[in-house]
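Below is one structure, written out as structure tokens; the observations come after it.
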Amino acid sequence: QVQLVESGGGLVQPGGSLRLSCAASGSSISIYAVGWYRQAPGKQRELVAGLTRGGITNYADSVKGRFTISRNNAKNMLYLQMNSLKPEDTAIYYCTAGVTVSSPFFWGQGTQVIVSS
């Protein structure tokens with residue numbers, strides 16, 4: 001099992017940047033496919049970015065070119081760099097881990113991101 005704790009959310013103006021972090025414990029995240037999901041008010045949870053064990057990344061069309069997922073296996077950390085943020089990026093962001101990106105077993109508690117002027 002792995003426990004995931006996100007941090008780095010907050011309030012940012014449109015066009016700004018945030019870096020979300022996810023600290024893993026209990027197991028090494030290097031053995032998992034990892035990802036970031038988000039859920040906006042009144043909307044379904046969606047996959048934002050994924051990173052397979054082999055290092056292949058995938059992104060939602062809405063964030064391509066703006067968001068970057070990465071991991072540091074030595075530190076057991078997962079990151080999401082978010083640039084050129086838009087109001088529609090406002091959501092609770094969750095880090096995940098599992099056998100596949102699309103069906104994660106483990107979820108963090110979420111961190112709130114608000115993009116507003």
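Hydrogens, waters and symmetry mates play no part in the numbers below; they use all other heavy atoms, side chains included. Everything quoted here is computed from the prediction, not taken from an experiment.
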Could you list the donor-acceptor pairs under 3.5 angstrom formed by side chains in residues 94-101, with sequence neighbours left out?
from   : atom 1 : to     : atom 2 : distance (Å)
Thr96  : OG1    : Gly35  : N      : 3.4
Thr96  : OG1    : Gly35  : O      : 3.3
Thr100 : OG1    : Ser103 : N      : 3.2

Under the side chain to side chain contact (heavy atoms under 4.5 Å, CB included) test, which residues partner Ser116, sequence neighbours left out? Leu11, Ile114
Could you pull out the closest heavy-atom pair between Ala24 and Ile29, with the gap in Å? CB-CG2, 3.1 Å
Taken in chain and number order and not counting sequence neighbours, the residues that satisfy side chain to side chain contact (heavy atoms under 4.5 Å, CB included) with Glu46 are Arg38
Please enumerate all residues that pass side chain to side chain contact (heavy atoms under 4.5 Å, CB included) together with Ser70, with sequence neighbours excluded. Tyr79
Here the pair of heavy atoms bringing Val113 nearest to Met82 is CG2-CE, 3.9 Å
Nearest 0.5 Å, what's the CZ-SG distance between Arg71 and Cys22? 11.0 Å
Testing the basics here: between Ser28 and Ser30, what is the closest heavy-atom pair and its distance to 0.1 Å? OG-OG, 2.6 Å
Can you name the residues that form a salt bridge (Lys or Arg N to Asp or Glu O under 4.0 Å) with Arg66, not counting sequence neighbours? Asp89
Can you hop from Leu18 to Val5 via hydrophobic side chains spaced under 4.5 Å? no
So which heavy atom on Gln109 is nearest to which on Leu4, and how close? OE1-O, 3.7 Å
Any side-chain heavy atom of Glu88 sitting closer than 4.5 Å to one from Val115? no
Minimum side-chain heavy-atom gap Val2-Ile31 below 4.5 Å: no
Across all chains, not counting sequence neighbours, the side chain to side chain donor-acceptor pair (under 3.5 Å) partners of Lys43 are none
Which residue pairs satisfy the disulfide bond (SG atoms under 2.5 Å apart) criterion with at least one member in residues 28-61, sequence neighbours excluded? none
Under 3.5 Å, is there a donor-acceptor pair between the side chain of Gln39 and the main chain of Ala91? no
Partners of Thr57 by side chain to side chain donor-acceptor pair (under 3.5 Å), sequence neighbours excluded? none
Between the CG atom in Leu78 and the CG atom in Leu51, the distance rounded to the nearest 0.5 Å is 7.0 Å
Mind checking side chain to side chain contact (heavy atoms under 4.5 Å, CB included) for Ser17 and listing every partner two or more places apart, or none if nothing turns up? Gln81, Asn83
Test of understanding: with side chain to side chain donor-acceptor pair (under 3.5 Å), list the residues that count as partners of Ser27, not counting sequence neighbours. none
Does any part of the side chain of Glu6, heavy atoms only, come nearer than 4.5 Å to the side chain of Leu20, both counted from C-beta? no
So which pairs with a foot in residues 31-64 pass ring-ring contact (aromatic ring centres under 6.0 Å, His included), sequence neighbours left out? Tyr32-Phe106, Tyr37-Trp107
Under the rule for side chain to side chain donor-acceptor pair (under 3.5 Å), what residues qualify as partners of Arg53, not counting sequence neighbours? none
